[in-house]
Protein chains: 2
Amino acid sequence: MATTDRLERLIADECGSCCDGDVDDRVAELEAVRDRASLERTPTDAAVFDALSTETRLDIVRLLVAADGELCVCELEPLVDVSDSAVSHALSTLTDAGLVERRKEGRWRYYRPTDRAAALLAAADPGLDGAGTVSGGVAE
Amino acid sequence: MATTDRLERLIADECGSCCDGDVDDRVAELEAVRDRASLERTPTDAAVFDALSTETRLDIVRLLVAADGELCVCELEPLVDVSDSAVSHALSTLTDAGLVERRKEGRWRYYRPTDRAAALLAAADPGLDGAGTVSGGVAE
DNA sequence: CGCTCATATGAACAGTTGTTCATGCGTTGG
DNA sequence: CCAACGCATGAACAACTGTTCATATGAGCG
């Protein structure tokens, strides 16, 4: 890690150069933060959020959650203004991300959202947003 | 909505052509679903998920959550393998999405995650994922 | 079996985006 | 003031991606 220049000046500025070996301590602390952050990584990584990052896919998930059951492609297609092929592509991406599940019945495929999808929408939508530090208990 | 062809066949297949005017009913029902889904839209829309859809920005948010306080750019930059400019760009995007907040102090800017950011990470990370219907418990 | 249907999948193109480099802006120290 | 610093921002380029068209797959039906 060669870019500790600014970090040293930051620490010196924060505690008024009172202590000298604090740089190493702070670096170690930051590396511990990095380790902790890495542990929270799921195998899906950013793919989960990426799957919800376009209006088409997000609309589909919202529709599936709003519908109190399951919908098939031919029901979704009239509700979003893209081709059925695009809907299918979107559903594949969402399935890979673990946000929807598929049920086959005859010629049709019924899709429904997973708990994770609903949890993500709930976490993003409500007005609990805005200000506030986070630390402490994110537990649930 | 001109693409109700398949929808008609679906309904006929589901209830065995028992009823005829059901197509309009089902279409109306689907439009109600669409209206309900639209109501849940926040002004931020898909931008929130989009902000978390890249490894760099997601890593930054994870680091801010893992750190039990606030971090500045010079502390984040050694922890992610991109330039300080990229970190700044990422933080701007995250700020616009309402996922981090900025505090100015002298030459430095300290960043901390919002509640929404923490809630989103919590909703995506835990092992509560996988199988399960979402609303109300639609047994099957 | 050959047909159609519902959906999945591959290719290709346009639009988007994440990165770095260069530079601008407010702040601090000499 | 002037220089240096921390960070923000604009431009530019490569890389990615969402869409549609074309085609494949598997299921029902005559």
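For the numbers below, each heavy atom of this structure counts, side chains included, while hydrogens, waters and symmetry mates do not.
If you measure from atom CZ of Arg109(A) to atom P of dT25(D), you get 14 Å, rounded to the nearest angstrom. Rounded to whole Å, atom C1' of dA8(D) lies 16 Å from atom CZ of Arg107(B). Following rounding to the nearest Å, Tyr110(B) (OH) and dT27(C) (C1') show an atom-to-atom distance of 14 Å. If you measure from atom CZ of Arg103(A) to atom C1' of dA27(D), you get 15 Å, rounded to the nearest angstrom. Spacing between atom OH of Tyr111(B) and atom C1' of dG6(D) amounts to 11 Å, rounded to whole angstrom units. Atoms CG (Leu94(B)) and P (dT9(D)) sit 14 Å apart, rounded to a whole Å. Taking atom NZ of Lys104(B) as the reference point, atom C1' of dT28(C) lies 14 Å away to the nearest angstrom. Glu77(B) has its CD atom 9 Å from the P atom of dC7(D), to the nearest Å.
Nearest-nucleotide assignment on DNA chain D puts the 5′-proximal partner with Leu91(B), out of Leu91(B) and Glu105(A).
Taking the side-chain hydrogen bond (donor to acceptor under 3.5 Å, both in side chains) definition, one finds that Arg102(B) meets it with nothing, sequence neighbours left out. The side chain to side chain contact (heavy atoms under 4.5 Å, CB included) search around Ser92(B) returns none, not counting sequence neighbours. Annotation: side chain to side chain contact (heavy atoms under 4.5 Å, CB included) contacts of Ser53(A) (sequence neighbours excluded): Asp50(A), Arg57(A), Asp50(B), Ser53(B). Here Asp84(B) pairs with Arg6(A) under the salt bridge (charged side-chain N to carboxylate O under 4.0 Å, His left out) rule; sequence neighbours left out.
Using a 4.5 Å heavy-atom threshold, the side chains of Leu120(A) and Val61(A) count as separate. No side-chain heavy atom of Glu70(B) sits under 4.5 Å from any side-chain heavy atom of Glu75(B).
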Exercise. Nucleotide by nucleotide, 5' to 3', does protein get under 4.0 Å of the base (B), only the sugar-phosphate (S), or neither (-) in nucleotides 12-23 of chain D, counting heavy atoms?
Worked result: ------SSBBB-
